[in-house]
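Okay, so here's the structure we're looking at.
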Amino acid sequence: MAVISITNLKKFYGKELVLDIPHMQFENGTSVGIFGANGSGKSTLIKCITSLLPYDGEIIIDNINIKKDPSPLKNIGVLIEDAVLIKGMSGRENIKYFCKDCSTLDEYAKILDVENILDIKAGKYSIGMRQKIAILLACVKGKNAILLDEPFNGLDIISVEKAINLLLLCRKRGATVILTSHQLDISSRAVDTYYLLKNKKIFNCTSPQKGAGDRYMIEFFNNDDAAAAYNILIDKTEDCSIDNYCIKFKLKCNNVYYILPFIQEIPIKQLTDITYSVKEAYLKMEEEI
């Protein structure tokens, strides 16, 4: 059953057509990534689905046309562009203000590791703290669907992994997860399928599959940090090599984040999956369309 179904969606800004999607649907318990260049319409699509923008066409959520009855939106969690919280309220108070059912709040806060900031006023949050609470709010509210626009902005590597784990749990429990992102390789781990939005149209792209024994590269800020991490990881990975600031290795298990706590004291500039590249598939589609 499709929890969200789009038919003949057209969105104009003045006389300019920016979205033209004849048909698209999102099934219960699936996770979908929507990728595209700046200005391709990713945020606009999310805003149309959540009725934040007017549009031509039909969007059905749980068999209800949301133009006629917006009630299905009550069970959809949304994070669009910048995280918006009421500064005078704590994170917990914000979530209780926006969510009718907060039964999953404490469980999800533990998974996201934000228990220690839940009762701090939102006005005192850093960018990353605000982003994590906004993700938590969307997941608590989104019993049926969770729509996230660039959710990993401002998050460190460990926080990204925890956010992905939470999204995967929500999907397992039946929520439809839709996210947009520029961080293709990171986001691909959180989605079942992904789409390219280009030239006002949306195109399905089948993601390469990966399994145990994936290869990764970690880039550090200097040679000393890379060398220190290499001395730790060489016994915990396979085929581990170092080249200036970068370490490449093959996993002994299927979860790269298992090894990160061993080097958590060493600043990491970037973690990249080099087993396959969603970026390569994306760029190939860009060339073909």
Side-chain angles (χ1 to χ4, degrees), residues 2-27 30-62 64-86 98 127 130-131 134-135 137-138 141-142 144-154 176-184 187-188 190-191 193-205 278-279 281-289:
V3 67
I4 300 175
S5 179
I6 296 171
T7 305
N8 296 325
L9 172 65
K10 293 182 184 291
K11 174 59 187 173
F12 291 86
Y13 284 125
K15 294 183 179 180
E16 181 185 1
L17 177 65
V18 296
L19 281 180
D20 184 7
I21 302 176
H23 180 70
M24 188 177 192
Q25 66 181 34
F26 305 94
E27 304 289 338
T30 59
S31 185
V32 175
I34 300 175
F35 302 142
N38 289 336
S40 61
K42 303 186 301 295
S43 298
T44 297
L45 175 58
I46 298 294
K47 290 177 181 178
C48 288
I49 294 174
T50 54
S51 291
L52 294 174
L53 286 176
Y55 56 87
D56 296 326
E58 186 176 73
I59 297 178
I60 304 294
I61 300 178
D62 288 342
I64 297 174
N65 187 328
I66 59 173
K67 276 187 178 179
K68 299 177 181 178
D69 181 1
S71 61
L73 298 175
K74 294 178 181 178
N75 291 318
I76 290 181
V78 183
L79 169 56
I80 298 180
E81 295 169 344
D82 295 328
V84 178
L85 299 172
I86 300 172
F98 289 108
I127 293 174
R130 188 164 63 245
Q131 192 76 357
I135 292 172
L137 194 162
K141 187 173 187 289
N144 290 348
I146 301 165
L147 281 66
L148 307 173
D149 186 21
E150 296 290 351
F152 306 128
N153 284 350
T176 301
V177 178
I178 304 171
L179 65 87
T180 74
S181 181
H182 291 95
Q183 298 168 284
L184 305 182
S187 301
S188 68
V191 302
T193 57
Y194 66 97
Y195 293 83
L196 168 65
L197 191 54
K198 183 179 180 181
N199 297 334
K200 312 172 186 64
K201 303 284 188 179
I202 199 154
F203 304 88
N204 180 246
C205 182
V278 172
K279 259 180 216 176
Y282 169 82
L283 291 172
K284 183 178 179 181
M285 282 190 70
E286 279 276 8
E287 293 174 357
E288 293 174 347
I289 295 171

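Ring geometry for F26 against Y195 counts as perpendicular: the plane angle is over 60°, on a 0 to 90° scale with 30° as the lower cut.
In terms of heavy-atom proximity, L17 sits nearest to K10 at CD1-CB, 4.0 Å. In terms of heavy atoms, S31 sits closest to A190 at OG-O, 2.5 Å. In terms of heavy atoms, L197 sits closest to G41 at CD2-C, 3.3 Å. Contact between K15 and F12 at its shortest, heavy atoms only, is O-CD2, 3.8 Å. Contact between I146 and A138 at its shortest, heavy atoms only, is CG1-O, 3.8 Å.
For the pair L137/L79, no side-chain contact is recorded, criterion being any heavy-atom separation below 4.5 Å from C-beta on. Counting heavy atoms from C-beta on, the side chains of S5 and H23 come closer than 4.5 Å. Side chains of V191 and V32 form no contact here, defined as non-hydrogen atoms less than 4.5 Å apart. At least one side-chain heavy atom of E150 sits under 4.5 Å from a side-chain heavy atom of T180. Two residues are said to be in side-chain contact when any heavy atoms from C-beta on lie closer than 4.5 Å; D62 and V3 meet this criterion. At least one side-chain heavy atom of R130 sits less than 4.5 Å from a side-chain heavy atom of L85. Between P72 and N144, the closest side-chain pair of non-hydrogen atoms is not below 4.5 Å.
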With a cut-off of 3.5 Å and sequence neighbours excluded, list every side-chain donor-acceptor pair involving residues 46-55.
{"residue": "T50", "atom": "OG1", "partner": "I46", "partner atom": "O", "Å": "2.9"}
{"residue": "T50", "atom": "OG1", "partner": "K47", "partner atom": "O", "Å": "3.4"}

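To the nearest 0.5 Å, the span separating CG on L45 from CG on L9 amounts to 6.5 Å. Distance check, rounded to the nearest 0.5 Å: CD1 of I59 to CD1 of I6 gives 5.0 Å.
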Point to revise | Residues S40, K200; criterion side chain to side chain contact (heavy atoms under 4.5 Å, CB included); working and verdict | key: CA-CA 7 Å; S40 61; K200 312 172 186 64; over 6 Å; no

Practice item. Apply side chain to side chain contact (heavy atoms under 4.5 Å, CB included) to the pair L196 and I202, showing each step before the final yes or no. Key: CA-CA 6 Å; L196 168 65; I202 199 154; over 6 Å; no

Practice item. Decide yes or no on side chain to side chain contact (heavy atoms under 4.5 Å, CB included) for I34 and L179, but give the supporting numbers first. Key: CA-CA 6 Å; I34 300 175; L179 65 87; over 6 Å; no

Check your understanding: Taking it one step at a time, do I127 and N153 satisfy side chain to side chain contact (heavy atoms under 4.5 Å, CB included)?
Key -> CA-CA 9 Å; I127 293 174; N153 284 350; over 6 Å; no

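Judged by distance alone, the side chains of D56 and N8 never bring a donor and an acceptor atom under 3.5 Å apart.
Look at D20 and K201 and you find a salt bridge, because one of the NZ, NE, NH1 or NH2 atoms lies within 4.0 Å of a carboxylate O, short of that distance.
Checking side-chain atoms of T30 against main-chain N and O of T176 turns up no donor-acceptor pair under 3.5 Å. Judged purely by atom type and a 3.5 angstrom limit, Q131 uses its side chain to pair as donor or acceptor with the backbone of P151. T7 places no side-chain N or O within donor-acceptor distance of the main-chain N or O of E58, the cut-off being under 3.5 Å. Panel note: side chain K42, backbone G36; a donor-acceptor pair is recorded below 3.5 Å.
Within 6.0 Å of the NZ atom in K67, the count of heavy atoms belonging to other residues, nucleotides or ligands exceeds 12.
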